[in-house]
Amino acid sequence: MTSRSLRLAVLVATLLTTTTYTGFAADADNTTASTATTAAVTTTATDSDSIDTVTTATTSTVQTKELTEADKEKAQLVESMNEKAAARAAEEDAKGFKDVKNHWAAIPINVMLEDGILSGNGQGEFKPDDALKTADAAALYNKLIAYDKAQQAAKAAKSSQNKKNTKNTTTVKDVTGEELLAPFKNQETLTREEFAQTAAEYLAYKDELTVASIKSKTKAKEYKPNIVVAPDEVNFPDEKKIDSDYRSSVTTLASRGIIASGGDDNYFRPTEDITRAEAVAMLFRIEKGMTVAPATSTKASDTTAKATNSATGDKTAATTTKNPTTGNVTAKKTSELEAQSDLENKVFKKLNNLYKTPGNFQNYGVMYWQNDVLHVAFKSDDDLAQFEDILAKNDKDKPANETLANRVHLETTQYSQAEYDRIENNFRTFYAQKQPAGTILGAYPSVAHNQLIVRVDKGFDYMNDSIRNAFGNKVHVFLVTDNADSTTDTAKN
């Protein structure tokens with residue numbers, strides 16, 4: 001009985017000591033419970049035969065201001081943005097190779113990765129500074145050749161819609177990576193001079209593809225590749241170490257701007273193993289039509305230049321221009337610029353036979369200089385054929401060195417100058433919004449790749465994806481760094 005009385009007393013005490021703090025009625029609609037604290041109270045009842053322990057709780061509730069709908073929406077937006085940013089960062093990391101982010105060949109490697117030409121070791125790594133295995137070189141060439149064939153097939157399908165123009169029926173003999181690497185199939189790796197031989201052969205194959213893609217039979221026969229350095233001017237400090245079997249290949253690559261020749265400390269290192277990054281950089285230039293400028297000699301002095309000018313009596317003023325192929329600034333005499341302007345005017349006069357005014361041509365084609373050659377590109381195969389006829393009539397009975405046909409290069413283009421101008425204007429607006437602190441250093445059309453090539457000095461987060469989403473494949477951007485020495489190399493970061 002005594003035990004029951006004690007239990008009842010404890011229960012009453014529990015009810016009396018439990019207190020809940022609630023808000024005033026006036027604030028009830030604006031507050032909500034967010035934090036609760038509990039204090040435990042223990043009461044012990046003693047009996048002659050047993051000890052009963054009862055624990056009671058005292059609870060207090062603290063009221064805080066409820067989030068408004070606007071606060072909730074803002075919080076959800078921030079959370080959503082953070083999730084997207086994390087997802088994009090993870091996606092970007094998954095796309096590229098984690099060991100090339102700050103490598104000098106990052107851009108060539110990542111571009112060829114996006115094109116499906118490269119693959120890593122399955123662990124998100126490319127191992128750019130490892131020696132290139134012969135088997136990997138053969139596989140790389142096979143992927144490049146497959147990529148080339150796909151590009152050619154797409155162009156052929158588009159051209160087949162136009163049956164009026166005489167087609168160039170030049171065929172190209174198939175080649176494989178195994179054939180290119182056949183002389184070295186028993187070797188595990190390749191030296192730089194050995195790889196140069198395979199690259200020169202692949203370059204010759206690309207030249208054949210270029211000739212086959214030229215619509216005009218006449219222009220196909222006249223095709224001459226761009227030369228950056230005359231073959232007899234190619235030199236390296238260690239050129240005597242280059243094996244005679246490979247010297248011709250090395251010279252070809254240097255004269256075409258695939259590798260840089262010249263300079264006091266620009267060693268070719270012919271017997272060293274070529275690295276994976278070095279091989280990709282060379283093939284990237286071949287594939288994308290990019291070049292590197294010759295290295296400059298540190299021993300060259302202004303005195304020599306002045307002495308030369310004084311000896312020749314050449315006092316013609318000079319100005320600086322930018323070569324759109326290499327992106328390098330070079331001095332060009334005023335007399336040369338006047339000669340270029342004179343040639344442009346002559347060509348425009350002939351174009352007026354088709355388009356009435358030079359302004360109209362801007363909607364149907366594009367004219368540009370590349371390696372001191374005036375290129376005239378037409379959107380229509382018919383227009384190209386008609387312009388060839390116009391030039392042929394104009395050049396009749398003229399010496400070969402005075403004919404316009406021998407002084408200009410005709411080709412086809414997907415976009416006109418007006419369209420390239422619109423793409424450039426749109427990109428300038430886009431870039432200014434994405435990177436206000438950046439500067440566009442140059443922009444020019446790459447007719448061969450149907451792209452606007454843009455050089456900028458600052459990047460921004462997710463730049464490649466953002467540009468691709470906004471412009472598709474119409475714009476290709478190179479990020480120029482302080483230690484850049486060429487268009488391809490300026491893309492290093």
Side-chain angles (χ1 to χ4, degrees), residues 105 108 112 132 134 137-138 140-141 144-145 148 170 172-184 190-214 220-263 266-275 277-296 323 325-326 328 370-373 409 448 485-489:
M112 294 184 77
L132 177 68
T134 304
L140 176 57
Y141 277 120
L144 278 169
I145 292 167
D148 293 334
T170 303
V172 179
K173 181 182 177 181
D174 285 339
V175 66
T176 66
E178 287 73 20
E179 290 174 354
L180 294 175
L181 274 298
F184 318 108
L190 300 165
T191 64
R192 287 169 56 84
E193 61 183 4
E194 289 169 345
F195 183 80
Q197 176 177 297
T198 68
E201 292 177 358
Y202 176 67
L203 179 60
Y205 167 75
K206 289 286 291 182
D207 285 341
E208 292 180 8
L209 290 180
T210 299
V211 171
S213 68
I214 298 175
K221 292 179 180 178
E222 296 175 352
Y223 169 77
K224 293 181 180 179
N226 291 323
I227 301 297
V228 176
V229 181
D232 58 354
E233 295 179 5
V234 171
N235 65 89
F236 297 92
D238 56 348
E239 61 185 17
K240 293 182 178 179
K241 295 181 179 179
I242 301 175
D243 192 292
S244 58
D245 290 340
Y246 309 117
R247 190 164 297 162
S248 175
S249 297
V250 174
T251 299
T252 297
L253 295 180
S255 68
R256 297 285 294 274
I258 307 305
I259 56 178
S261 74
N266 179 38
Y267 293 88
F268 180 67
R269 298 173 284 117
T271 58
E272 291 184 14
D273 282 345
I274 191 163
T275 68
E278 290 169 343
V280 168
M282 290 169 62
L283 296 178
F284 171 80
R285 292 167 195 148
I286 295 175
E287 188 64 34
K288 302 300 182 182
M290 300 297 178
T291 61
V292 292
T296 56
N323 185 323
T325 303
T326 64
N328 295 317
Q370 183 173 336
N371 291 341
D372 292 328
V373 176
H409 176 75
D485 60 1
S486 68
T487 297
T488 299
D489 290 340

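All residue numbers in this chain count up from 1 along the given sequence. Values below: all heavy atoms of this structure, side chains included; hydrogens, waters and symmetry mates excluded.
How far OH of Tyr267 is from CG of Asp238: 7.0 Å, rounded to the nearest 0.5 Å. Within the model, atoms NZ of Lys288 and CG of Leu283 stand 12.0 Å from one another, a figure rounded to the nearest 0.5 Å. The distance from atom CG of Leu203 to atom CD1 of Ile258, rounded to the nearest 0.5 Å, is 5.5 Å.
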Check the pair Tyr202, Ile145 against side chain to side chain contact (heavy atoms under 4.5 Å, CB included), reporting the backbone distance first and the verdict last. CA-CA 9 Å; Tyr202 176 67; Ile145 292 167; 4.1 Å; yes
Derivation and outcome, side chain to side chain contact (heavy atoms under 4.5 Å, CB included), residues Leu181 and Leu190: CA-CA 10 Å; Leu181 274 298; Leu190 300 165; 3.6 Å; yes
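Partners of Arg269 according to the salt bridge (Lys or Arg N to Asp or Glu O under 4.0 Å) rule, which considers only residues two or more places apart in sequence or in another chain, are Glu272, Glu278. For Phe236, the ring pair (Phe, Tyr, Trp, His ring centres under 6.0 Å) partners are Phe268, not counting sequence neighbours. By the salt bridge (Lys or Arg N to Asp or Glu O under 4.0 Å) test, Lys206 is found to be paired with Asp148, Glu287, residues two or more places apart in sequence or in another chain being considered. For the salt bridge (Lys or Arg N to Asp or Glu O under 4.0 Å) test, no residue two or more places apart in sequence or in another chain qualifies with Asp273. Checked against salt bridge (Lys or Arg N to Asp or Glu O under 4.0 Å), Asp174 has the following partners two or more places apart in sequence or in another chain: Lys149.
Contact check for Leu132 versus Val280: no side-chain heavy atoms found under the 4.5 Å cut-off.
Counting all heavy atoms, side chain and backbone alike, Ala105 lies closest to Ala277 at CB-CB, 4.0 Å. When all heavy atoms of Phe284 and Met290 are compared, the closest pair comes out as CE2-CG, 4.5 Å. The shortest non-hydrogen separation linking Val250 to Ala196 is CG2-CB, 3.9 Å. Scanning all heavy atoms of the two residues, the minimum distance from Glu179 to Val175 falls at OE1-CA, 3.5 Å. Listed here is the closest heavy atom pair of Pro294 and Val228: CD-CG1, 4.0 Å.
Sorted by first and then second residue, the pairs that involve residues 241-263 and meet side chain to side chain donor-acceptor pair (under 3.5 Å), not counting sequence neighbours, are Asp207-Arg256.
Although no hydrogens or angles enter the test, the distance criterion places a donor-acceptor pair under 3.5 Å between the side chain of Tyr141 and the main chain of Ala199.
With Ile274 as the fixed residue, the side chain to side chain contact (heavy atoms under 4.5 Å, CB included) test singles out one of Glu194, Met282, Glu193: Met282.
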